[in-house]
Each structure stands twice: as C-alpha cells, then as structure tokens.
S.K.: 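Have a look at this one before I ask anything.
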Amino acid sequence: MCIFLDFEIKYKDAMARIGKFKTPHGSVTTPNLMPVVHPGKQTLDVKQFGAEIVITNSYIIYKNEKLKQKALTDGVHSLIDFPGTIETDSGSFQLSVYGDIDITNEEVIKFQEDIGTDIGTSLDIPTAPYVKREEAEADLEVTLERAEEAINVRDKLLLNSVVQGSTFCDLREYCAREISKFDADIYPIGAVVPLMEMYRYSDLVDVVMYSMRGLPEDTPRHLMGAGHPMVFALTVAMGCDLFDSAAYILYANKDRFMMPDGTLKLEDMVEMPCSCRVCCEYTVDDLRQMKQEDRAKLIAEHNLHISFAEIRRIRQAIVDGELMKLVELRCRSHPFLLDGLRRLKEYTEDMEHLNPSSKRSAFFYTGYESLYRPEVKRHLEKLANLTPNSKNLIVMPHTNKPYTRYVFKEHIKKYTDKLVQYYTNSQNLDTDFSDSDVVVCDVPFGIIPLGLDEFYPLAQNESPSIMDDDAKKFIKQQLEEYIKGYDNVIIHKNLVEKLDLTGLYEVNDTLSLPDKSISDFDRLKDIADYQFGSGAGEALFGNNQNNIKIEKSRKTGKIRHVYEDGKIIVNMRANDGFLILSDLGAIRLHEKFNYPMHRVVVSEDVEEFAVAGKSVFNKFVVECDESIRRNDEVLIVNRNDELLAYGKALLSSYEINDFDNGQAIKTRKMKNR
Ligand code: GUN
Ligand code: ZN
C-alpha cells in the first residue's frame, strides 16, 4: 500500500497499466518517460516535449556549492526550471561507478526533502549482474536497511525504494517483498543498465518478472536507467510504469539516433529517419557539417521526440488491448530482444493473472511466440469447463468466421468424402454422427467448440492462412489431448494433411452427419459453461429449451437477450459475446456456485451503496475470487454471502486485493429487491 501517492489504474493490457498519480506538482500518467535533466548543464528544454515528470540527480546538486545553495534557497523546481513533478536520484549510480560517495543515506534523504523534490530516492546499492551471491546478499541487506531508514527520516517527501538483488531471481523477489513492507510510493527496479548495455534481455525479463512477483500492484514501478524506446513496449508489458534516461543525450553525443526498433549512426545515414522537427528541417549533410555540440542538441531533440512518440504508441496499444502485438513487433527487431520475448513465455501465468478477459481489439497472431500470450493459456483452461454433449466428435479445419456459418455449409454437407475416421476409443466405428459435437481447429486457440465461435477472443483473432510448424505442432498437441474425451472422432482431410496425422481409417459411407448447425440453446449453455464454469449453462437456462425465449439482433443475427417466463436471465454483449447477468442470472449463478466463486465480498459499511447500484471501491472489498479478471461478470455479496448486486470487474483480483484507491466493480443494481 502506498501512503501518499494516489495511484489509480485506468486501462490494462497484459501486466501493463495506464495509470495516474498525483504529486504536489501535478499529476502524472503512466507509462511515462522521465527525461534526465542535468542540474548544471542542461541545454534542451524538456517541457516542450510534454514531459510531465523529470528526474535529476540530488548528489550532483549537493556536490556543487553553487547549485546546492540555489536549490536550498529557491527549490529544485526553480533550479532546473521545471514546474511539474521532479524525481531525484540519490547518488547510488555514482556509488556504483566510483565505489564511494561522501554523503550518508540520512543526509541525502534530508537534502532531497530540503530542496523540495517531489519523489526522492534512498541510497540503494546497485549490485552489478553476475556477481557472487554473497556480494548480492550483503548489498541487498544494506539496500533494505536504507530503504527502511529513508521511510523513517522523510517528512513529506514521496519515496522510491529500489529493488536490487543482481541477477539472482530469488533475491530480486525477496528484496521486492521485503521492501514493499516499508510502504514506499514508487518501487524502482535497479541495476538493470548493465544488462541492457550487454543486450542481455532474457536476463532482464527474469529480473523484472521476479521483482514483479514481490511488488504490490497498487504502486508504480520505475525501470531505472532504461531510456531506449526499443525496450519500452516489452518492459511496460511486464508492469513497468516509468522510465528514465540520459540516453537521449548520451546517444546524441555519439551521433546516434534512437528509433523504436534500434539505433542509427549518423555516419551510416543517408536519410533522416523520422518526421520530427529536426528530421524535417535538416538533412544528414546539414548535421554532419555542424559543430558537434549543435548537432548533439538536435539529435537529442530527435531522440526525445522518438521516445515520447513510443510512449504514446504504447498507451494507445494498452487502451486498444494490442500491446502484445506491439511487443512482438518490437522484439523482432533485434535477436536479443527476441530472446527477451521468448523468455517471457516462462511467465505466461503471471501475465494471465493480470490480463483483462476481454479487449477492444482482435488478437493478431504474429508468429509462434503469440501462442504464449495469456489469452491462449486462459482458453485452454476454460475449455476444460465444457463437458462433451455426445460420444462422437467431428473435427473441422478453420473457415471464415464465425465458423458456424461456414463449417456446415462449406464442409460437412459438401465434402463428406473428405472426412476420415481419426480416432476410436471404443474400437467400434460408430456411424451415427448426427448428434456429434463439432469443433474447429485453428491458430492460435487450437480447439474451438462451435458454440463458442462468437466469444472473445475465439472469434476476434486473425492468423496467417499458411500455418507455421510451431503452430501445427501446438494444434496437434491440443487435438490429441482433446479427443480423449470422445469415443469416436472423424476429421477433415485438410487437417490430416496439415497436421501430419496418422492412425486414420476410411469412414463408412453410411455415416450420418449433422444436418444443421448448433442450436441457440446448446450454444448458450456452452458459452455459460465456458465463461462461468462447468454446470453454469444448466443452472442459468435449465434443460428444457421450450422454457427459454431467445431474442436475436435483426441486423447481425446474434443472440441479444435470453428470457424465461418474460424475465430476462442474461444479455449477450455484442462485441465479445460475453453473457451479461441480469437479476435472475445473478441469482442462479449465486445459487449454483459456492463461495467464493465469482464473488466480490464487500464490507458492511458499503452494503447499502452496492445495493443502490453504486460502484464498489477497492478499499471496501474484503475478499474476492482469485480467478476474477478485468471485464468479468461478478457477484457482489456481503460477508454472509447474501447477494447484494452484481456487475463488471474493472481490475483483476490481484489488483483489487492490493489497491486502496479507485473502483473495483462497476455495479448493476438488483431491480426487484
Ligand atoms: N540509476 C540506474 N540504476 C540505478 C540503481 O540501481 N539505483 C539508483 N538509485 N539509481 C540508478
Ligand atoms: Zn526525427
């Protein structure tokens, strides 16, 4: 829990957050870049780039008598001429370079307070990567002591407490967990600059992800010294909120242009690389002929422009739910970044915990790494909620979407000669497949039961029609597992060839096939089971379809409302096919599933507000079902498990549990209470 800094999440994608926090000098949107401002020799005015927050170095100010006096008299905001939020570093970096500095932790905290910094940093020890474990452990203990001391010494200063632990994953997690006990306002992840300089992005992913395991969700995280736009998307997806760097100047001083997919050297360039002011107004030759320091100033301007442009692009991608597509795109620009992306596969579960269950944009498959996105993992888990309706299964290749509209028309009826027997559990070749289940095999979700063909993201995805070998292997694996639940399976020959299947038999020509698509009733039940868990369909809609009235959209033909005896049970959300509860649906779901499933338990103080349909704030949630994700339908109950209302989760359970600020649930009130 952070005490002073009101951090709130507005949008989510993967572990990334668009958030907002306030300091005495304004509000800051995350993810964001803090340009490093040199207190003595800054030439570029970062205000012009829309910087909301900057970082400067309190130790440099402290060591220079003139800067020190001005900062103590007029404040650091005046010293560096920046009216917004200022974070200061403590001299730890100098410590790591020079081995020694002449200020104590307590002194540097007090000094940062005295010069009016918004966010100060304790004197952590940045332990280099790949050192001996004893060294990392010893440094870490000092870092922890100083973080605790800083909290006790500070008055109003917001505080950074830096996670260290070198390249020892367990030490990173331990440090993160221990340091969070001191309730700092921001948790930076330190000593990652050497990893980035060495292009060790897979190790960077380990260090960041293990740190994240120990850090609370309700506090911004700052990836210290990360300033190359090439790493922003990847690290934002892992939950980093703030970046800082002098890289825009350091690169410019060496005639290097930063780009979101790498770095360009002026000596190799024939064209200016973007359309910022500098790239439009100057040619490569103009720059070459300039004095070095004039040129560096212009290249720094380009570098800062590109860096902020990438931050904006990332924010848009988060809002759209397309961040992982951008991450994959960026990581393909350098083999070592691709290592980082591939290492991220080990952390799909961590990502799934925080990933929204439904997003605005379609899932675009960009290569086999996309198979490790959290949506795929979640689908495989949810698939287990469905119980077979038949002992026979028909497996079809993908068609245009929605599959139901095309599978029967294009395949089953037209091409019965293309079907072969693939699997039999009973040793009996059954010939009656008229009531069989039908699934489609497709990339990236593997098996898609037909009833789910409008549910997010099973309908909202695109993959190349030419399957890559990894995807084939993945689909085959999923299929082999899935068919174990059936006695007899027939499969379309196109898939047999694609997936290189063996163990096939010709089918008997007396085979009887389904002559119609899945019924709306069966579709509803499958969706309910998939969305809420096994048995939800029966609980919501019963077993007799004559009792249920289904209303469809005239325009799209999709299910919109489901009634029983004139009472609405659920609505179906058009964009993602989710079932949206109404009173009756909520009551039935509450009866069917035991505490704590689908539940958010609120404290007594706010019961009446929930009943009145007011949003539930994180602060008042006493417990919630761990499986809840942003955009899920949830039941709002009191401690006695009485149903008060229902609604849509705005955050994942992990966030709801950690946050004290902001809304957890957008409530819908029970009409007949
Ligand atoms: N700047 C870059 N890395 C670090 C770090 O580990 N600690 C601090 N305080 N500043 C940094
Ligand atoms: Zn440019």
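Position 1 is the first residue of the sequence; numbering continues from there. One-based numbering, in listed order, for ligands and for the atoms of each.
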S.K.: Can you give each donor-acceptor pair under 3.5 Å made by side-chain atoms of residues 226-234, sequence neighbours left out, with the distance rounded to 0.1 Å?
M.R.:
from	atom 1	to	atom 2	distance (Å)
His228	ND1	Met230	N	3.1
His228	NE2	Thr263	OG1	2.9

S.K.: Return all protein N, O or S atoms below 2.8 Å from the Zn ion (ligand 2), chain by chain in residue order.
M.R.: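 Protein N, O or S atoms closer than 2.8 Å to the Zn ion (ligand 2): Cys274 SG, Cys276 SG, Cys279 SG, His302 ND1.
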S.K.: Nearest protein heavy-atom contact for atom 7 (N) of ligand 1: which residue, which atom, what distance?
M.R.: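 For atom 7 (N) of ligand 1, the nearest protein heavy atom is Asp124 OD2, 2.8 Å.
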S.K.: Could you tell me if the ring centre of His77 sits under 6.0 Å from that of Phe82?
M.R.: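 Centroid distance His77-Phe82: not below 6.0 Å, so no.
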S.K.: Which label fits Phe336 and His334: parallel for a plane angle under 30°, tilted from 30 to 60°, or perpendicular past 60°?
M.R.: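 Geometry flag for His334 against Phe336: tilted rings.
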S.K.: Quick test: of every protein heavy atom, which one is nearest to atom 8 (C) of ligand 1, and how far off is it to 0.1 Å?
M.R.: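 Scanning the protein heavy atoms, the shortest distance from atom 8 (C) of ligand 1 goes to Met224 SD, 3.3 Å.
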S.K.: Between Lys63 and Asp102, does any NZ, NE, NH1 or NH2 come within less than 4.0 Å of an OD or OE carboxylate oxygen?
M.R.: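 Looking at Asp102 and Lys63, the cut-off is met.
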S.K.: Backbone or side chain, does any N or O of Ser122 fall under 3.5 Å from an N or O of ligand 1?
M.R.: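 For ligand 1, there is no N or O atom that lies under 3.5 Å from one belonging to Ser122.
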S.K.: Counting only N and O atoms by type, is there a donor-acceptor contact under 3.5 Å from the side chain of Thr143 to the main-chain atoms of Ile125?
M.R.: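 Yes; at least one donor-acceptor contact below 3.5 Å.
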S.K.: Does any donor atom in the side chain of Asn355 or Glu375 lie under 3.5 Å from an acceptor atom in the other side chain?
M.R.: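 Their side chains do contain a donor-acceptor pair, which is all the 3.5 Å distance test asks for.
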S.K.: Indicate, with yes or no, if the rings of Tyr201 and Tyr199 have centres closer together than 6.0 Å.
M.R.: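 Ring centroids of Tyr201 and Tyr199 are less than 6.0 Å from each other.
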S.K.: N/O of Asp89 under 3.5 Å from N/O of ligand 1, yes or no?
M.R.: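 By distance alone, the answer is yes.
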S.K.: Which ligand 1 atoms, with their elements, are less than 4.0 angstrom from a heavy-atom of Ala191?
M.R.: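 In order of number, 3 (N), 5 (C), 6 (O).
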S.K.: Give me the ring orientation class for Phe49 and Phe308: parallel if the planes are under 30° apart, tilted from 30 to 60°, perpendicular past 60°.
M.R.: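 Parallel.
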